[in-house]
Amino acid sequence: MDAMSEHYLQYKPVSITELIGKKGIAQLNMRDVPLEKIKEYAAEDSDITLQLHDIFVPKLKEQEAVSVLEEIEMPLVPVLAGMEREGVMIDKNFLHLYSAELDLEAKKSEERIHTLAGVKFNIASPKQMGEVLFEKLKLDPKAKKTKTGQYQTGEDILSKLAPEHEIIKEILRYRQISKLKSTYVDALPTLIHPVSGRVHTSFNQAVAATGRLSSQNPNLQNIPIRTEMGREVRKAFIPRNSEFEILAADYSQIELRIIAALSGDEGMIRDFKDGHDIHTATASKVFNVSLDAVDKEMRRKAKMVNFGIIYGISAFGLAQRLEIPRKEAAEIIEAYFTQYPNIKKYMNDTIEGARTHGFVQTVKGRRRYIRDINSRNQTVRGFAERNAINAPIQGSAADMIKIAMIAVHEAMQKASLKSKMILQVHDELLFEVHHSEKELLKKLVIDKMKNAIQLAVPIEVEVGIGANWLEAH
DNA sequence: TCTCTGCTCAC
DNA sequence: CAAGTGAGCAGAGAC
């Protein structure tokens, strides 16, 4: 950052109350506050230090918990502050052109929907949408309602009705277009800082219950990638000038690797050590066929089960997502646990631990307190149990990337690189890389990400470089 | 103007 | 009852 731009972001004067606040440090927009101020306040006032501890770890006594604050969260503050201040360059012209394109598509789509429905209505209103689909067109006599008495018209519901009427596909397409336009294509350019010319997000360090970061105003952790139309938005994330490119580094299957390591399941650890595609390896085991004999459908099902395991699975939930009978889903889950017995044991042990201690923890001792784990209400207890299973996995992944970020930042400073770390998206780090530093930074990032935490499974990191965020993948 | 709801985007 | 963690948008209704 040059001498003039050093001052471009206004420092907002903050009182101690404002700084810490009732909601904790999460409300702090770090790009507006010099780090020295935060440190000053914390050092001066033991009460503040205590509050900081309270924010990050509910109980101070335990050794491991304190280290999460001292060894991860506090060192991470200047790293995040730097990323927020740096911001990211957005191609405004590109988004304006794309907006006009989407606008045209939306208008055409709107007209088709009104014609197909035989009535004009507000497509963006779920209430009106439900009435048109289920009362006028009578697409589903057994249509489900929400707790407020409206018809459900979510994507999963509508997808199943697609064969019933041509209008469904068009509605989903319309929804996609308007989501892209309102949330990303039109919103991002308005958030460009007038002086820096870049978009500055805020990373919340103490919002997510698992230890993940969150990003707001704008949220740069949910930029579309899944669909072709959405993916276009990523082309607007560009380097500052022609001397730089975008470098993206992703952990591969980090949460599954972590559950393999935490559970000590030898079969799954072996799958990762052998370097096979994990979902194919799982399909091979669950459906009892050779790796070569795994077809697309088998892999798709295995992938769903692997995700389900991380989230705390039920036969009902899997059946619904795979659109298969519940019995078949139950059989797949049973086969899974037979093949990976220690995963099952790990899940039971984790829930048992939560019942005994009232919390679960990550590899670095980050805790999540599970209040409802002994509830007599089955639904409430079920949620608590899924939280208990998921938190150590998601949280350990958060520990790992946070530690990597601190190490990468330190190494980049030591080497006085021109390149900058600009975003974190849970299992991915994004950089603006100078042409002269491409190979150096690539090696550095892979090294620090792979070696952040030693586990019993190999950790893989994929790196790409390109002219924008999309091309960097 | 504020708050809640439903929906949809990401990992 | 029924898959974890977030954020933002438009509609709808309360104030």
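First the proteins, then the strands, lettered A, B, ... as listed; each starts at 1. All of these numbers come straight from a predicted model, not from anything done at the bench.
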Taking atom [atom2] of [N] as reference, at what distance in whole Å does atom [atom1] of [X] sit?
{"X": "A:Ile393", "N": "B:dC11", "atom1": "CD1", "atom2": "C1'", "value": "14 Å"}
{"X": "A:Met229", "N": "B:dT8", "atom1": "CE", "atom2": "P", "value": "14 Å"}
{"X": "A:Leu158", "N": "B:dG6", "atom1": "CG", "atom2": "P", "value": "15 Å"}
{"X": "A:Ile258", "N": "B:dC11", "atom1": "CD1", "atom2": "C1'", "value": "13 Å"}
{"X": "A:Met129", "N": "B:dC7", "atom1": "CE", "atom2": "P", "value": "10 Å"}
{"X": "A:Asp427", "N": "B:dC11", "atom1": "CG", "atom2": "C1'", "value": "6 Å"}
{"X": "A:Phe237", "N": "B:dA10", "atom1": "CZ", "atom2": "P", "value": "12 Å"}
{"X": "A:Gln152", "N": "B:dT5", "atom1": "CD", "atom2": "C1'", "value": "12 Å"}

Using a 4.0 Å heavy-atom cut-off, does [X] contact any base of the nucleic acid, only the sugar-phosphate backbone, or nothing at all?
{"X": "A:Gly382", "value": "nothing"}
{"X": "A:Phe383", "value": "sugar-phosphate"}
{"X": "A:Ile310", "value": "nothing"}
{"X": "A:Arg381", "value": "nothing"}
{"X": "A:Glu255", "value": "nothing"}
{"X": "A:Ala209", "value": "sugar-phosphate"}
{"X": "A:Asn222", "value": "base"}
{"X": "A:Glu428", "value": "nothing"}
{"X": "A:Ile389", "value": "nothing"}

Strictly by modelled atom types, are A:Ser202 and A:Gln216 linked by a side-chain donor-acceptor pair under 3.5 Å? no
One thing to verify: whether [Y] and [X] come together as a salt bridge, which I'm taking to mean a side-chain N less than 4.0 angstrom from a carboxylate O.
{"X": "A:Asp103", "Y": "A:Lys181", "result": "yes"}
{"X": "A:Lys108", "Y": "A:Glu105", "result": "yes"}
{"X": "A:Arg355", "Y": "A:Glu385", "result": "yes"}
{"X": "A:Glu331", "Y": "A:Lys327", "result": "yes"}

In numerical order, the residues of residues 164-187 of chain A whose heavy atoms come under 4.0 Å of DNA chain B are A:Arg175, A:Gln176, A:Lys179, A:Tyr184
Suppose you measure atom C1' in B:dC4 against the same atom in C:dA3; what distance do you get, rounded to whole Å?
24 Å
Going by heavy atoms in the side chains, are A:Leu133 and A:Ile171 under 4.5 Å from each other?
-> yes
Can you give the donor-acceptor pairs under 3.5 Å from side chains of residues 149-160 of chain A to other protein atoms, not counting sequence neighbours?
unit_1: A:Gln150; atom_1: OE1; unit_2: A:Lys127; atom_2: N; d: 3.4
unit_1: A:Tyr151; atom_1: OH; unit_2: A:Glu135; atom_2: OE2; d: 3.0
unit_1: A:Thr153; atom_1: OG1; unit_2: A:Arg175; atom_2: NH2; d: 2.9
unit_1: A:Ser159; atom_1: OG; unit_2: A:Glu155; atom_2: O; d: 2.8

| query | Should the pair A:Tyr369 and A:Phe359 be assigned to parallel (<30°), tilted (30 to 60°) or perpendicular (>60°) ring geometry? | reply | tilted
Of A:Gln253, A:His279, A:Lys301, the one forming a side chain to side chain donor-acceptor pair (under 3.5 Å) with A:Asn306 is A:His279
The side chain to side chain donor-acceptor pair (under 3.5 Å) partner of A:Asp271 among A:Arg257, A:Gln339, A:Lys285 is A:Lys285
Exercise. Measure distances between side-chain N and O atoms of A:Arg212 and base N and O atoms of B:dC11, and say whether any donor-acceptor pair falls under 3.5 Å.
Key: yes
Contacts of A:Arg326 and A:Gln394 projected onto DNA chain C by closest heavy atom; the upstream (5') one is A:Arg326
At a 4.0 Å cut-off to heavy atoms of chain A, the contacted part of DNA chain C spans C:dC1 to C:dG13
